[in-house]
Amino acid sequence: MFDYVGNRKYFFILSSALLLIGLVALIFRGGLNLDIQFKGGTQIEIEMESGDFDTDKADKVGTEAIGKSIHTQKSQTLDSKNSNESISFLVVKSSGKLTDDERNKVLTALKSEFNVKEDGEMIVRDVDPSIGSELLTKGLIAVILSTLLLILYIGIRFNIMSGLLAGFTAVVAVIHDVLMMVAVYAVFNIPVNDSFIAAVLTILGYSVNDTIVIYDRIRENSKISRKESIKDLVNNSIAQSMSRTINTTVSTLICVITIYVFAVYNGIGSMQEFTFPLIIGLISGTYSTIFIASPLWELLKEKQAKKKAAARPAKA
Amino acid sequence: MKLSSGLKSFLILAIIAAMTAIVLVGFNVPGIKYTIGKAYDSIRYGIDISGGVSAVLSAPEGVTPTDDQLETVKGIIDTRLEGKQIYDKTVTVDKVNRRVLVEIPYKKGSESSDPYETIADIGATAMLSFREVDEDKIDPETGDYVMTDRIVLQGSEIESAVAETNPETQMAYVRLIFSDDGAKKFEEATERLVGKKIAIYLDDQMVSAPIVNGKITGKDKAVIELGAYDPQQSITQAKELAAIIRSGALPFKLEAKDVNHISPIVGENALNISIYAGAVAILLVWLFMLLYYRVPGLVADIALLGQAAAVILILVLSGMSLTLPGIAGMILTVGMSVDANVIIFERIKEEIKSGKTVQAAVDLGFDRAFTAILDGNLTTLITAVILYYFGTGAVRSFAITLGLGVILNFLTAIFATKIVLKSLAEIRALRKPWLFGAKGGTANV
């Protein structure tokens, strides 16, 4: 049987190395690629006659029209009515909010220089910078509060595993997965928008559930035999739950990978940007359940036991 | 005993079949004229899928609106949008973040109106005022009279407003109904200002400036003429204006914090692909469960179908809209529902391997798996509740489908799957270890 507990230092090193890569990417890129939902500003997507246009020129035209820095991009999506044709959009982004007047000026300037589709689609998003910071603080509060409640819940339900300690290591595993997702966003420069929140939350829920099931096995086994060493207890419990862990991950991955493949095949960027981090998160969630949460719990539990053993003779 | 557990299973299967049928094809009760429409068609989609306009409106900085004020604002916005013939809309009050969310889905075939205009209209504070003006003071840009502070009467003294049509010209206008106080003030002013103009302002914009021909007595004598070019346009304008005046003034100024206009093309694309992808994904998961766990796998597949149908039915019945993050929540619960079944079936296999009979193994498997499923689902439910409380639009939508899925998942795994599988285990022909995915086993059947 594989010694999950004995080999834990290799897995701790692997996780730290991956997270370090994420951190380097984060520093190198100067932070996450925040979309306007978080930064505030205006984004306009204009339907074009064809995808054949120069975004550098569009940058210049837009910036000259209003004297504010404008950044443009190309984006494409398949036409749902005619799957052989794709629709091209010119995406205009401004980090400051544009007034109605400024927006119209940019549009008129672009229309005169580029082949904008007559009566085409136009998608506008206008976000106040305060919304973004609010979204972040509220999101953080939600994550912190739910981790606190998780520690408390696990503390009560798993008191045979020195509850709060088990709660703490479960939360370490969850935070490990969330940081892994952030690293993926940093390394692949994926824009951070609403779907980032949904993706992180999905992994948070998945990872906790995954860890709890192994904890449940440890709880059950420690009731049956009290003679087993903690190390064997953890190793056995992980091994006994292994086919469940793998089968659940496989079936969930089947769902997400199918959606990812469909999104890549049809060129739907927003869905790729959502499902790719999910795939990484699911793998990370399973990995942290097996190699981080319970082995770390064993480490801390042993330390606690040693401390108690050391304290006892001193008292006597 | 045998009969009753068989009957229970039959009932569960019948309920799942009925729910699935309602979702996919609708329901026809023969003989009576009673039909339930295809629920699948009645799913309301969030504007990230259907396309449309969404806006987050809040009070200006420094103003903290009360719950009552927020409810008033919601009522006013509802009335104003209905005045613009927009009925399919969602206006929600977010009491935690103290703001109002407005979502107007894109309507197929309708002219797409300017989203900014719509948002500006619902955000107008709508203070109506009648003022004396200096006829020589004209704003050069608009051509309107400069607003004075000699107010004849204002919003609170107007009880109601109705749109009416002049039978001769076919042009519509708005008739105002004053309160007793308002009527008195109006009578007094018209007596004093004969031959002069009284201008009518909506907020700081002049609507019209009629000349006073003589003293006007009565509550319903004042009308606002509109500068429309054709009768049709004047009717629309008059109705809108009357609705705005009727709905009253907003208790505070609304600022648009996040205006999002989404094209129906992009959302529709994403939805179509999600549906295909979702169908393929569910088929693959079904196959996996069936091949790996055999008889229990089949039961789990049926339970999964029932769970998916129940989530859709609850969404349709409650009128909640499904968004892309909501779909993400559903995917997660499909994963968790499979997980609950996997935990149970692995336990059953273990018990079979340890030499128990299939029937005993099924009983023990459910008992042993119970705590893991309970704790796993409850912790996820805790997360869902907190996300719902703190979250805004997209996060809330995710929290709802997640929470709903977790509860249903618990019910199906603990009750439906259990009852059906136990009654199947009573059938002698099915009591073979390999039918439960276990390889060896020394069980004597």
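Chain A is the first sequence line, chain B the second, and so forth, proteins listed ahead of strands; every chain is numbered from 1.
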Set out, in order, the CA-CA distance, both residues' side-chain angles and the distance that settles side chain to side chain donor-acceptor pair (under 3.5 Å) for B:Thr380 and A:Asn209, then state yes or no. CA-CA 7 Å; B:Thr380 313; A:Asn209 178 57; 4.7 Å; no
Give the intermediate values and the outcome of salt bridge (charged side-chain N to carboxylate O under 4.0 Å, His left out) for residues B:Asp375 and A:Arg219. CA-CA 12 Å; B:Asp375 287 329; A:Arg219 174 171 63 183; 2.7 Å; yes
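Ranked by non-hydrogen atom pairs under 4.5 Å with chain B, the options A:Val127, A:Val208, A:Val213, A:Ile36 are led by A:Val127. Each of B:Ile343, B:Val334, B:Leu284 has some count of heavy-atom pairs under 4.5 Å with chain A, and the biggest count is that of B:Ile343. Counting heavy-atom pairs closer than 4.5 Å to chain B, the top-ranked of the candidates A:Ala263, A:Ser146, A:Pro129 is A:Ser146. Among B:Ile282, B:Val56, B:Leu378, the residue making the largest number of heavy-atom pairs under 4.5 Å with chain A is B:Leu378. With chain A as the partner, the residue from B:Val385, B:Val342, B:Asn377 showing the most heavy-atom pairs under 4.5 Å is B:Val342.
Only the side chain of B:Arg347 comes within contact range of chain A, judged by heavy atoms closer than 4.5 Å. For chain B, no part of A:Tyr260 is nearby; none of its heavy atoms comes within less than 4.5 Å.
Across B:Ala281 and A:Cys255, no two heavy atoms sit closer than the pair CB-CA, 3.6 Å.
The residues B:Glu350 and A:Arg217 are annotated as salt-bridged, a charged nitrogen and a carboxylate oxygen being separated by less than 4.0 angstrom. The pair B:Asp258-A:Arg125 meets the salt-bridge criterion, with a side-chain N (NZ, NE, NH1 or NH2) lying under 4.0 Å from an Asp/Glu carboxylate O.
At a heavy-atom cut-off of under 4.5 Å, chain B is reached by A:Gln240, A:Ser243, A:Arg244, A:Asn247, A:Thr248 from residues 239-248 of chain A, listed in order of number.
Other residues, nucleotides and ligands contribute over 12 non-hydrogen atoms within 6.0 Å of the NZ atom of A:Lys74.
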